[in-house]
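Note that the structure is a prediction, hence the values are computed from the model and not measured. For the single chain, residues carry numbers from 1 onward in sequence order. The analysis underlying the following values was restricted to heavy atoms, covering all of them including side chains, and did not include hydrogens, waters or symmetry mates.
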Amino acid sequence: MLSACLNGQTGPHRDYPGFGSQGAALSGYTFLTGWPDRPPVGPFGTITDSLAPRFGAAALAAGLLHRRRTGRGVHLDLSQVEAAVWSLGPWIDRYRRTGEVTGRAGNRHPAAVPHGVFPCAGDDRWVAIAVWDDDEWARLAALAGLDVELGADLATRLDRADAVEAAVAAWTAGRDPGEVAATLQAAGLEAVPVADVGDCYADPQLAHRGHLLAHDHPVLGEGRYERNGFRLADGTGGYDRASPLLGQDTAWVLGELLGLSEAEQARLREAGAVE
């Protein structure tokens with residue numbers, strides 16, 4: 001048996017309810033995410049809801065092995081918050097070694113400058129760029145027409161991060177994010193347009209993978225529906241039709257699936273149990 005609640009089954013906080021967002025805050029994630037001069041911003045997604053199952057899978061495998069070896073079952077008590085604290089090991093170890101308390105740094109990275117998202121032409125359009133070494137910086141500077149001496153080495157770039165990122169932003173501001181990304185990628189640099197949901201419909205990679213399937217909805221008309229992000233040899237991983245209307249499949253479920261007669265279905269409809 002596996003329990004995987006927020007704080008585990010024991011201790012003074014065992015009855016404290018919550019979800020992944022609370023788990024992320026209690027474990028320390030929201031202290032690390034956001035801008036340094038603003039309040040904390042929770043990380044995208046429910047961190048502990050995603051971490052705990054991975055710990056749980058390993059624990060369950062160990063529990064099954066224990067049963068195989070001893071014949072005895074086991075109750076595994078997993079705290080989502082403790083799992084999240086473990087995953088923050090690098091920051092905890094840095095404090096142990098140096099006394100440094102790591103705080104919010106926005107999109108910046110201690111080993112890469114520039115590292116973040118930069119404005120592009122259009123309304124709320126951005127491109128993400130990361131430069132990891134001096135050679136990459138030299139290539140970016142050449143492409144963008146920047147002074148390479150502005151950030152000749154990592155120490156200089158870290159010290160002048162504001163100026164470096166302002167110079168990069170001035171170059172990207174009038175350009176299309178896809179164009180910027182393609183130019184930098186061709187030079188071996190990390191760059192990706194920041195996409196919203198609407199951009200996914202025109203994404204060439206998703207189109208190549210057949211990720212979005214077209215189906216006709218009886219009310220909404222034609223729309224595109226996502227397949228799973230993985231492919232199985234014996235399954236499509238997608239949908240064979242559009243989403244159903246309310247009650248559209250009631251007759252099929254009651255009749256073919258559950259085996260109820262027409263008379264039994266009629267009695268349920270008359271009683272208001274189904275529509």
In this structure, CD of Glu222 is separated from NE2 of His217 (nearest 0.5 Å) by 13.0 Å
Could you report the tightest heavy-atom contact between Gly106 and Pro36, atom names first, then the distance?
N-CD, 4.0 Å
Please determine whether residues Leu88 and Leu6 belong to a single hydrophobic cluster, defined as Ile, Leu, Val, Met, Phe, Trp and Tyr linked transitively by side-chain heavy-atom distances below 4.5 Å.
yes
How far does CG of Asn7 sit from CG of Asp77, to the nearest 0.5 angstrom?
10.5 Å
So if you build clusters from Ile, Leu, Val, Met, Phe, Trp, Tyr with side-chain heavy-atom gaps below 4.5 Å, do Leu32 and Trp35 land together?
no
Straight-line distance of Arg68 CZ to Thr70 OG1, nearest 0.5 Å
11.5 Å
Using a 4.5 Å cut-off between side-chain heavy atoms of Ile, Leu, Val, Met, Phe, Trp and Tyr, which other residues end up in the same hydrophobic cluster as Met1?
none
In short, Arg125 meets Pro177 closest at the heavy-atom pair CB-CG, 4.2 Å
Do His211 side-chain atoms and Glu226 backbone N/O form a donor-acceptor pair below 3.5 Å?
no
Considering residues, nucleotides and ligands other than His66, do more than 12 of their heavy atoms fall under 6.0 Å from its NE2?
yes
Cluster companions of Trp137 among Ile, Leu, Val, Met, Phe, Trp, Tyr (side-chain spacing under 4.5 Å)
Val113, Phe118, Val127, Ile129, Val131, Leu140, Leu143, Leu146, Val148, Leu150, Leu154, Leu158, Val164, Val168, Trp171, Val180, Leu184, Leu189
Should the heavy atoms of other residues, nucleotides or ligands under 6.0 Å from CZ of Arg94 be counted, would the total exceed 12?
yes
Nearest atoms (heavy-atom pairs only) where Asp49 meets Pro53:
O-CD, 2.9 Å
Main chain of Trp132, side chain of Glu136: is a donor-acceptor contact present, judged purely on distance under 3.5 Å?
yes
Does Asp93 reach the main-chain N or O of Pro90 with its side chain, forming a donor-acceptor pair under 3.5 Å?
no
In terms of side-chain heavy atoms, does Asp153 have a donor or acceptor partner in Thr156 at a distance below 3.5 Å?
yes
Please report the closest heavy-atom contact between Ala169 and Pro119, naming both atoms and the distance.
CB-CD, 3.9 Å
Below 4.5 Å, heavy atoms only, C-beta onward: do Pro193 and Asp199 meet side chain to side chain?
no
Take Asp133 and Arg157 through the test salt bridge (charged side-chain N to carboxylate O under 4.0 Å, His left out) and record every step on the way to the result.
CA-CA 10 Å; Asp133 58 39; Arg157 291 194 299 277; over 6 Å; no
Do Tyr201 and Leu213 land in one hydrophobic cluster if side-chain heavy atoms of ILVMFWY residues count as linked below 4.5 Å?
no
Are Phe31 and Arg104 close enough that some pair of their side-chain heavy atoms sits under 4.5 Å apart?
yes
Any chance you could measure Gln80, atom CD, to Thr48, atom OG1, to the nearest 0.5 Å?
4.0 Å
Short side-chain to backbone donor-acceptor contact, Thr30 and Val41, under 3.5 Å:
no
Can Leu78 be reached from Leu76 by stepping across I, L, V, M, F, W or Y side chains whose heavy atoms are under 4.5 Å apart?
yes
I need the minimum non-hydrogen distance between Tyr29 and Ser87, along with the two atoms involved.
OH-OG, 2.7 Å
For Asp203, is there an ion pair with Arg209 - N to carboxylate O distance below 4.0 angstrom?
no
Where do Ser3 and Gln9 come nearest, in terms of heavy atoms and distance?
CB-NE2, 3.5 Å
For Leu246, is the CG atom crowded, meaning more than 12 foreign heavy atoms sit under 6.0 Å from it?
no
To the nearest 0.5 Å, tell me how far Leu268 CG sits from Leu260 CG.
6.5 Å
Salt bridge (charged side-chain N to carboxylate O under 4.0 Å, His left out) partners of residues 243-254, not counting sequence neighbours, each pair once:
Arg241-Asp249
Counting neighbours of NE2 on His75 that are heavy atoms of other residues, nucleotides or ligands and sit closer than 6.0 Å, is the number greater than 12?
yes
Residues in side chain to side chain donor-acceptor pair (under 3.5 Å) contact with Gln185, at least two apart in sequence or another chain
none
Name the atoms and distances for all side-chain donor-acceptor pairs under 3.5 Å in residues 55-63, with sequence neighbours left out.
none

Side-chain polar contacts of residues 14-26 - donor-acceptor pairs under 3.5 angstrom, sequence neighbours left out - could you list them?
unit_1: Arg14; atom_1: NH1; unit_2: Gly11; atom_2: O; d: 2.9
unit_1: Gln22; atom_1: OE1; unit_2: Phe19; atom_2: N; d: 2.9

Can you tell me how far CD of Gln248 sits from OG of Ser243, rounded to the nearest 0.5 angstrom?
8.5 Å
